[in-house]
Amino acid sequence: MREPLSKTYAPREFEERIYSSWCEGGYFAPSGDRRAPAYTIVIPPPNITGQLHMGHALDNTLQDILIRYKRMQGYDTLWVPGTDHASIATEAKIVEAMRKEGLTKEAVGREEFLRRAWAWKDKYAGRIVEQLKKMGASCDWSRERFTLDEGCSRAVREVFVRLYDKGLIYRGERIINWCPKCLTSLSDAEVEYQDQAGHFWHIRYPLTDGSGSIELATTRPETLLGDTAVAVNPGDERYRHLVGKTLRLPLVGREIPVIADEYVEADFGTGAVKITPAHDPNDFEVGQRHGLPIENVMTPDAKITDDYPAYAGMDRYAARKAIVADLEAGGYLARVENYTHSVGTCYRCGTTVEPRVSLQWFVKMAPLAAPAIEAVRGGEVRFVPERFEKNYLRWMENIRDWCISRQLWWGHRIPAFYCDECGKTVITKDDAALCPACGKPMRQDPDTLDTWFSSALWPFSTLGWPDDTDDLRRYYPTSSLVTGYDIITFWVSRMIFSGLAYTGKAPFDTVVIHGLVRDAQGRKMSKSLGNGIDPLEIIDKYGADALRFALASGNSPGNDMRFSDEKIEAARNFANKLWNAARFALLYLPEDDDTPPALPDAARLAPEDKWLLAHYRRTVAAVRDNLDRYEIGIALSEIYDFVWDIFCDWYVELSKSRLADAGSDGAAVARATLTWVLTGILKLLHPYMPFITEEIYQSLPHDAPSIMIARYPAPQDVEDFGTEATDFDRVIRAIGAVRARRAEMNVPPSRRANVYLKTAYPASFAGAEPFFVKLAGAASLSIVDAYDAKDAVSIITDAATLYIPLSDMVDPAKERARLEGELKKVREGIARTEAKLSNEGFVSKAPAAVVEAERERLAKMKATEAGLVASIETIAQA
RNA sequence: GGAGGCAUAGCUCAGUCGGUAGAGCACUCGCUUCACAUGCGAGGGGUCACAGGUUCGAGUCCUGUUGUCUCCACCA
């Protein structure tokens, strides 16, 4: 059944309709064909914090291109969609929303808070799904998942219990990164370091024996309250005699020891370091080594505790100011330097992290990291581009234990149960109601897990793990994972070690990395800059296909890209071009013709048909080759060039004369070739621009119910015509040369010229007259053995010399000068090539094919030279 | 402090196996050519950041320099 194609390209009129037709057709689900190999992608689940941005648009466009390409190749494809609960980010949003209502988490309580969170999830997950559909994403929606749904939660508990039983999960009092705004711990990966201008305060700590003082330097004087020692390097002569003595902590009066530890570098600062085990990770370790007390001086929201009445309730920065003032007043402050140093901040809210000692759950990483390193080293998992392997390996090799507990409510609650009666701890997949030891009711750990703990299981939890499901057996391990380089550490690395640890297999074979989408000025898109571009607005204005085209074109793996109005307009223009090419083809197709296009026998094809088909064959091969290597941008530019330059600018024009002769065999052949190649173009392009290609496909006679499930073109679909096909290039070049000359000589298009053509390849030009008439402003074309060029303009190409009577053109003197200029250029080329060929090193060492190509080039240039010389001679005689 | 990316036309970027540098946009000239002015035809525009090296031959491979961006790292 053919549908009419509207006159203008208006994507809004058909994109939604087409998406619904795909849903109704059930094309998004895997084919289930067991003879075909499976190809699986799991979506990097977008956070339910808000709506999709350009980065998501890029990520999902690339995934959809791959999955559609594989689907059309006959793979049993599955793209699993879903969303991430994003515990810390979502919780922050909900807390913020409640704050506007004058509410707090604590005020509403855990149950009500979670009710609100689920309502939030329903709203935003739904919105995200709608956006993905608008973009054309061919996900299997029947398999949509959520990191906090029942199945994923079961997987999380399973993993937690297994790791605990193996001794790979432990609970301990450690110093961790703490966000005083989000009021939770953070993993090392969740801290971003930024250089900040600050000060270096030099402070004197007096010795308790009154024999003087030690001067030390700090960037954080407020932590002085928690100092429990001062450390020096054991080899530092300046301080050796002081080790073992004690100091009087300024403002506090506490007596603290001077200790020696290798951690201290003698030549940095004053060579003496104040040790605050509760508020600095290094100091914590020093403290552990020396058995120092841990003196916590701050509340969770980074205010000084009531233990220090002079500063109690002040936040850390106010306290810093007050303490510096007091130090100065007390004569302890030696001097202040300006100092820029690196400060850790929360990756979600940007607040400066406060290291804090607290009781948290950790994953012991070393045993898990080892196989994950091996999987990448050994090639079981491959990164595209390869360089990101290094990134991954470096991180994995230096990994430290992973702090997985969060003081948040929105997330997977830690399956640890405590008996307050007898102190027993139970880790269980099932909720433990009563203590197995004393029978008393148990209390579940109030904390939740790091959101990345559940994302790490995504490639298999979404397929049914821990159960041995059909999906898991069929579609796991998955094939390609497409994601940005910014979450390799957060997510990719954790999926790899998780997959290996729990399923025994790496979760995917290829990690396809893309860059960031930046604005037209190259800046990162961000809320604070307000330079974000909403994909939905672009779709509304230009269509989803144009958006997808703009994101895919020029995209090279791992590199950032810029998004600009120019780019999206170019994309829309291309869509419009394709649309109109289709309208042209339809002009010649009888409305009742429902026969799917087939290529006529080679014997019936005209030279220009073979020429087109040869280019098509080459293009198909190049597109497939590049797609197979994830060179999505290069593959697209191959299609673009073929569609615009070869198909539209040349072939459509070349076909017009035959098509006009309605009823002739030539018209039938041209029509069939045109339609067949157009259909091939639509299929080639479908993964990139699914809507427009389907809309046009449905307007043409077609065999598959949807282009989505049509077979992807292969080079062998068309015969290799060999040199026969390139013979037509001679005509193309001759036409181009005539056009160029006319433009150069400012000949008005209305001025038609009789063209005489002398050639060593008369067969190539046999039926060429209509093309010269149509495309080169010719009145006629005569093939001649000789032509008296005295009063003619000559146009020389390597295959022919064309003459146009001067009366049909203009100015002989100008013409002669031009010919001489051209002769000079050709002679330069000849000299260069001859030099190359007379270079023995080149002839003997370069590959034979390269040498041969040079010889051919030389022969062509010599032919051109001879033609030019002859023309200059004749014009000189005139 | 380590590691990596990038540097090519006015702008944004491609450039696969080392073989006379490409696209889009912008610019100039000419086009109411019956698919498309979201278009057609023709042009101008490049010391491929710099300096060495390898090679018959380098935008491409190697070394160094400069600029720029990013990642990692506990320097108080």
Side-chain angles (χ1 to χ4, degrees), chain A residues 7-9 193 200 216-220 223 231 263-265 268-276 280-286 339 341-342 344 355 385 387-388 390-391 394-395 398 485-486 488-489 515-516 520 522 542 546 553-556 558-567 569-587 622 625-626 629 631 633-634 637 640-641 644 648-649 652-653 656 660 736 739-744 746-750 774-777 828-829 832-833 836 839-847 849-851 853-854 857:
Chain A
K7 192 161 166 4
T8 52
Y9 170 58
Y193 289 88
F200 216 17
L216 48 79
T218 180
T219 55
R220 302 200 52 201
T223 62
Y263 154 70
V264 181
E265 287 175 38
F268 186 85
T270 64
V273 185
K274 62 194 255 333
I275 300 299
T276 322
D280 182 279
N282 293 306
D283 293 6
F284 180 80
E285 282 174 25
V286 173
Y339 188 69
H341 61 130
S342 178
R387 69 182 128 94
F388 288 100
K390 276 189 208 151
N391 251 348
R394 192 181 44 229
W395 190 79
N398 298 313
Y485 57 69
D486 50 332
I488 292 175
T489 48
L516 267 38
Y542 298 96
S553 73
N555 187 279
S556 68
N559 290 344
D560 289 353
M561 61 178 305
R562 298 188 189 199
F563 195 88
S564 62
D565 289 348
E566 289 77 23
K567 210 165 218 167
E569 277 168 18
R572 189 267 324 268
N573 292 353
F574 177 71
N576 186 60
K577 187 75 182 170
L578 180 70
W579 187 267
N580 282 293
R583 280 182 56 226
F584 173 80
L586 286 166
L587 281 181
D625 180 50
N626 280 296
R629 296 185 297 115
E631 285 288 359
I634 297 178
S637 87
Y640 180 95
D641 290 347
W644 206 305
C648 292
D649 286 349
V652 163
E653 298 304 327
K656 280 179 179 172
R739 278 174 173 175
R741 180 64 58 79
R742 289 175 60 100
E744 195 179 333
N746 286 317
V747 181
S750 55
K774 176 95 192 151
L775 305 174
E828 279 166 13
R832 223 180 5 252
T833 310
K836 211 175 206 180
N839 177 343
E840 208 168 308
F842 175 71
V843 178
S844 59
K845 292 184 186 172
V850 172
V851 176
E854 281 304 303
R857 187 206 304 276

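Residue numbering restarts at 1 for every chain, and letters A, B, ... go by the order of the sequence lines. Just so it is clear, the structure is predicted and the values come from calculations on it, not from any experiment.
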- Message: Could you tell me how far apart K845(A) (NZ) and rG19(B) (C1') are, to the nearest whole angstrom?
- Response: 16 Å
- Message: Taking only side-chain N and O atoms of S564(A), does any of them lie within less than 4.0 angstrom of OP1 or OP2 on rU12(B)?
- Response: no
- Task: Could you check which of rA14(B), rC56(B), rA76(B) has an atom nearest any side-chain atom of N839(A)?
- Result: rC56(B)
- Kindly say if Y485(A) contacts the phosphate of rG4(B), meaning a side-chain N or O under 4.0 Å from OP1 or OP2. no
- Item | Spacing between E854(A) atom CD and rU20(B) atom C1', to the nearest angstrom | 8 Å
- Given atom CG of L775(A) and atom P of rG41(B), what is their separation to the nearest angstrom? 9 Å
- Note on the structure: Checking N1-N3 plus N6-O4 or O6-N4 for Watson-Crick, or N1-O2 and O6-N3 for wobble, each under 3.5 Å, the partner of rU70(B) is rA3(B)
- Query: Expressed in angstrom and rounded to an integer, what is the separation of F574(A) atom CZ from rC25(B) atom C1'?
  - Reply: 17 Å
- Under 4.0 Å between any heavy atoms, over every strand shown, what does D649(A) touch: base, sugar-phosphate, or nothing? Just pick one. sugar-phosphate
- Message: So E566(A), base contact, sugar-phosphate only, or nothing? Heavy-atom distance under 4.0 Å.
- Response: sugar-phosphate
- Item | Side-chain donor/acceptor of R562(A) to base of rU12(B), under 3.5 Å | no
- K274(A) side, atom NZ; D280(A) side, atom CG - distance, nearest 0.5 Å: 8.0 Å
- Query: rA14(B) phosphate, OP1 or OP2: any side-chain N/O from N559(A) under 4.0 angstrom?
  - Reply: yes
- Message: Under 4.0 Å, counting only non-hydrogen atoms across every strand here, what does R387(A) touch: a base, just sugar-phosphate, or nothing?
- Response: sugar-phosphate
- Item | Any strand: nucleotide that pairs with rG41(B) via Watson-Crick or wobble, under 3.5 Å | rC29(B)
- Query: How long is the line joining CH2 of W395(A) and C1' of rG2(B), in whole Å?
  - Reply: 18 Å
- Query: Looking for any heavy atom pair under 4.0 Å, which part of the strands does R739(A) touch: base, sugar-phosphate only, or nothing?
  - Reply: sugar-phosphate
- Query: Quick one: is rC40(B) close enough that its OP1 or OP2 comes under 4.0 Å of any side-chain N or O from K577(A)?
  - Reply: yes
- Closest to side chain of N626(A), choosing from rU16(B), rU38(B), rA76(B): rU16(B)
- Query: Do D560(A) and Y485(A) have side-chain atoms, one donor and one acceptor, less than 3.5 Å apart?
  - Reply: yes
- Message: By the 4.0 Å heavy-atom rule, please label A581(A) as base, sugar-phosphate, or nothing.
- Response: base
- P gap between rG46(B) and rC11(B), integer Å: 13 Å
